[in-house]
Amino acid sequence: MEHKNLQEPEKSIFRKALILDSEKGFDEEFNRTTNLEKRLIDEFGFAGIQLIFENKNSANYFALGDFPSTCPWAKLNDQPIEKLIESNFLPVQQKLPMLIAAMQERCKFIFAEQKTSATWQLHYLMEGKLYDQRDYYRIYTGGMPSPEAKENASLVKFGWTLPADLKAFYAIHDGFGEINDAGGVLSQDQLVVKGEMMNPICKNLNTQPDDYRYDDLLEFFPDGAGNAQCFLRTASGNNTTVDWDHETWEISGEESFYSFVDERLAQMDEE
């Protein structure tokens, strides 16, 4: 698809238009600005993306096809979007069928971001619908491959080893999903054993859960509302996951890491 050129005079106009007017109602302004963002991407493509995210390091965004040689995904530069997704997720393709199919169907732009001289992220911009069914987009972000991922201080403190499925996933992306909106797999340095937070609370309240220990819950996918999907350590291993409810302190039945991620991240439309 051909996109229009975005000139500097237009950029100045759009920059002002993208700012929420505090004198007007939030819902009205949210609808206006999200409609404008969608229009900018549809009309101007990658240049529109860079304009929208000027305050989020977009000067260091590189569109697929222009990844520099220092980018971890430079070898995929000449691949179309659908093929890149297949190639990048090939080791887990059979384990994440719904997610990979949804990404291949909906992804319209892939761009890399240089965070520091040695740190990169890969962004997948996909079509989706907002809660009111308006067309919009959703961005999943993946960290750099980390095939030699290690236990961080929290895991070492509570005697954890990295769960096998999580470690294998880190070899593709060290952290993945809507990482700035508490909707994704945490990176290895962000992982926290629930005992860090909950043990002092339990001690203060003089209570403990009946069917698990907080030392045996490793949070890897927070939902932004206090709940989290966690790996559960049992006598038979640490490679299965449960949902932890922050209000009831109850945990769900066990589910595999890949089953959870596949179902959760394949849903790209707001409800």
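Every value quoted in this text rests on a predicted model; they were computed, and no experiment measured them.
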Is there a side chain to side chain contact (heavy atoms under 4.5 Å, CB included) between Leu40 and Leu51 once you walk through the steps? CA-CA 8 Å; Leu40 288 172; Leu51 180 63; 4.3 Å; yes
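- When all heavy atoms of Pro80 and Leu64 are compared, the closest pair comes out as C-CD2, 4.5 Å.
- Remark: aromatic rings of Phe220 and Phe257 are close, center separation under 6.0 Å.
- Around CG of Asn206, the count of heavy atoms belonging to other residues, nucleotides or ligands within 6.0 Å does not exceed 12.
- Summarising the geometry of Tyr258 relative to Leu96, their closest heavy-atom pair is O-CD2, 3.5 Å, with the distance given to 0.1 Å.
- Applying the 4.5 Å side-chain rule to ILVMFWY residues, one finds Met197, Met198, Ile201, Leu205, Tyr214, Leu217, Leu232, Val242, Trp244, Trp249, Ile251 in the same cluster as Tyr212.
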Test ring pair (Phe, Tyr, Trp, His ring centres under 6.0 Å) on Phe176 and Phe89; report intermediate values, then the result. CA-CA 12 Å; Phe176 180 75; Phe89 286 91; 5.7 Å; yes
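- Pairing each heavy atom of Asn77 with each of Gly65, the nearest pair is OD1-N, 2.8 Å.
- Between Phe260 and Phe221, the two ring planes are perpendicular [angle over 60°; tilted spans 30° to 60°].
- Listed for the Gln79 side chain is no donor-acceptor partner under 3.5 Å among the backbone atoms of Leu76.
- No side-chain heavy atom of Leu162 sits less than 4.5 Å from a side-chain heavy atom of Lys150.
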Under the criterion side chain to side chain contact (heavy atoms under 4.5 Å, CB included), I'd like the reasoning laid out for Tyr124 against Asn88: C-alpha separation, chi angles, the key distance, then a yes or no. CA-CA 12 Å; Tyr124 306 80; Asn88 199 36; 2.9 Å; yes
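- Using a 3.5 Å distance cut-off with no hydrogens or angles, the side chains of Thr241 and Gln229 do pair a donor with an acceptor.
- Ion pairing of Asp223 with Arg264 is absent here, as no side-chain N (NZ or NE/NH1/NH2) approaches a carboxylate O to less than 4.0 Å.
- No more than 12 heavy atoms of other residues, nucleotides or ligands shown are found within 6.0 angstrom of CD on Glu263.
- When the side chain to side chain contact (heavy atoms under 4.5 Å, CB included) test is applied to Asp132, the partners found at least two apart in sequence or on another chain are Asn31, Leu130, Arg134.
- Residues satisfying the side chain to side chain contact (heavy atoms under 4.5 Å, CB included) test with Pro68, not counting sequence neighbours, are Phe62, Thr70, Cys71, Trp120.
- For Asp216, the side chain to side chain contact (heavy atoms under 4.5 Å, CB included) partners two or more places apart in sequence, or in a different chain, are Arg213, Arg233.
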Worked check of side-chain hydrogen bond (donor to acceptor under 3.5 Å, both in side chains) between Asp189 and Asn152: CA-CA 6 Å; Asp189 64 321; Asn152 66 22; over 6 Å; no
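- Side chains of Leu99 and Met103 form a contact here, defined as non-hydrogen atoms less than 4.5 Å apart.
- With respect to the salt-bridge test (charged N to carboxylate O, under 4.0 angstrom), the residues Arg15 and Glu8 qualify.
- Ring pair His173/Trp73 is tilted by interplanar angle, where 30° to 60° counts as tilted.
- When the side chain to side chain contact (heavy atoms under 4.5 Å, CB included) test is applied to Glu23, the partners found at least two apart in sequence or on another chain are Asp21.
- Scanning for side chain to side chain donor-acceptor pair (under 3.5 Å) contacts around Ser154 gives Glu196, with sequence neighbours left out.
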Checking side chain to side chain contact (heavy atoms under 4.5 Å, CB included) for the pair Asp165/Val92: CA distance, chi angles, key distance, verdict? CA-CA 10 Å; Asp165 285 346; Val92 296; over 6 Å; no
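- Among Phe46, Tyr61, Tyr140, the single residue meeting the ring pair (Phe, Tyr, Trp, His ring centres under 6.0 Å) criterion with His123 is Tyr61.
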